Amino acid sequence: MSAEIINGRELADELRERMKEDVEQLSEQGIVPNLTVIIVGEDPASLSYVRGKKRASHKIGIHSDLIELPETTSHQELLHLIQQLNSNDEVHGILVQLPLPAHINEDEVIETISPDKDVDGFHPISIGRMMAQKDTFLPCTPLGILTMLDEKNIDIEGKHAVVLGRSRIVGKPIGQMLLNRNATVTYCHSRTKDLADVLRQADILIVAIGKPAFITGEHVKKGAVVIDVGINRLEDGTLTGDVDFESASEQAAYITPVPKGVGPMTITMLLQNTIKAAKLKNQVTTRS
Ligand code: NDP
């Protein structure tokens, strides 16, 4: 038996169509959601990500400004710019592309963004609200994963979710968000003992480590849901995930591919968070 593929590209396109209508309704009320993205330096991968975010925003009617700053930008200059954007009423969401150059303190930058405009969901206040199960901006990749599970009507409650990887942007928050939905959650990382045994217990296996084909069919319980967050570029230029798709899909009931899996959902959730920020600012209560 081969797993059902959860196509993140198709799902993202469907969701973006729905969001486009939402944005149209907002603009009829004179509200144009505005996402401002800041990038410091000229890392080609980061530049391509931020340009992708801007394109995706425009396609659904969100206004997006991309501020490209030189590598030499000082820590203080960046903080000052964020403070200006915080007090600019036209800006609903602020995103600072990470990583930042080494001379800039990333934590302080994130903490300077107003929690009301924290569409990436990385601010400690957003994280605290998530843990306390209050309404907040949830980080985009984990939110994209939850949305995929929900759109496929995959039960979370009572399931054993194993999360491989404990980064602040993916592993830790997706574990917390699954816990909030009543899963039993186990976190695994580089110091986990008997890793293969733990992985084989997962009803829902989330893999986010950045190691090509690290997970194979041997690690996957029959009928499990496998979510591959990894994005790895091989020497020949192709993109691949952390999961060996062929062998894992022989075991799994559902699996996400790479590409066309979690990646397109991440940007979609950024758009969703930006619409949410615009609605909060204007006290509009409709969906998203
Ligand atoms: P990080 O590099 O920040 O963290 C990697 C995690 O994996 C760490 O917790 C580390 O453990 C763990 N790990 C690494 N090697 C092993 C191992 N051999 N055994 C067990 N655990 C291991 O990862 P990110 O979360 O930032 O990214 C993970 C992957 O997801 C990357 O490929 C990244 O490109 C991709 N990604 C994809 C996104 C998308 O939209 N699809 C968004 C964000 C990331 P320890 O903590 O002990 O060091």
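Just so you know, these numbers use all the heavy atoms, side chains as well, and skip hydrogens, waters and symmetry mates. Model, not experiment: these values are computed from the prediction. Numbering of ligands and ligand atoms starts at 1, following listing order.
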Name all residues meeting the side chain to side chain donor-acceptor pair (under 3.5 Å) criterion together with D155; count only those two or more places apart in sequence or in a different chain, and write none if there are none.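 Applying side chain to side chain donor-acceptor pair (under 3.5 Å) to D155 gives none.
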
Checking N34 now: which residues fulfil side chain to side chain donor-acceptor pair (under 3.5 Å) with it, not counting sequence neighbours?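 For N34 the side chain to side chain donor-acceptor pair (under 3.5 Å) partners, ignoring immediate neighbours, are T36.
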
Any P124 side-chain heavy atom under 4.5 Å of E111 side chain: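 With C-beta onward as the side chain, the pair touches.
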
So that I can tick it off, tell me whether K281 and D116 are bridged by a salt bridge, with the cut-off set at under 4.0 angstrom between side-chain N and carboxylate O.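 No salt bridge links D116 with K281.
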
I'd like to know if D13 pairs up with R9 as an ion pair, taking the criterion as any Lys NZ or Arg NE/NH1/NH2 lying under 4.0 Å from an Asp or Glu carboxylate oxygen.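 Here D13 pairs with R9 in a salt bridge, since their nearest N and O are under 4.0 Å apart.
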
Which other residues belong to the hydrophobic cluster containing V226, where Ile, Leu, Val, Met, Phe, Trp and Tyr are joined when side-chain heavy atoms lie under 4.5 Å apart, directly or via other members?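 Same cluster as V226: I5, V162, L164, L195, V198, L199, L205, V207, I209, F214, I215, V220, V243, F245, I255.
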
At less than 4.0 angstrom from any atom of ligand 1, which residues have a non-hydrogen atom? List them by chain and residue number.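 Lining ligand 1 at under 4.0 Å, by heavy atoms, one finds T141, L164, G165, R166, S167, I169, V170, H189, S190, A208, I209, G210, K211, F214, V229, G230, I231, N232, V262, G263, T266.
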
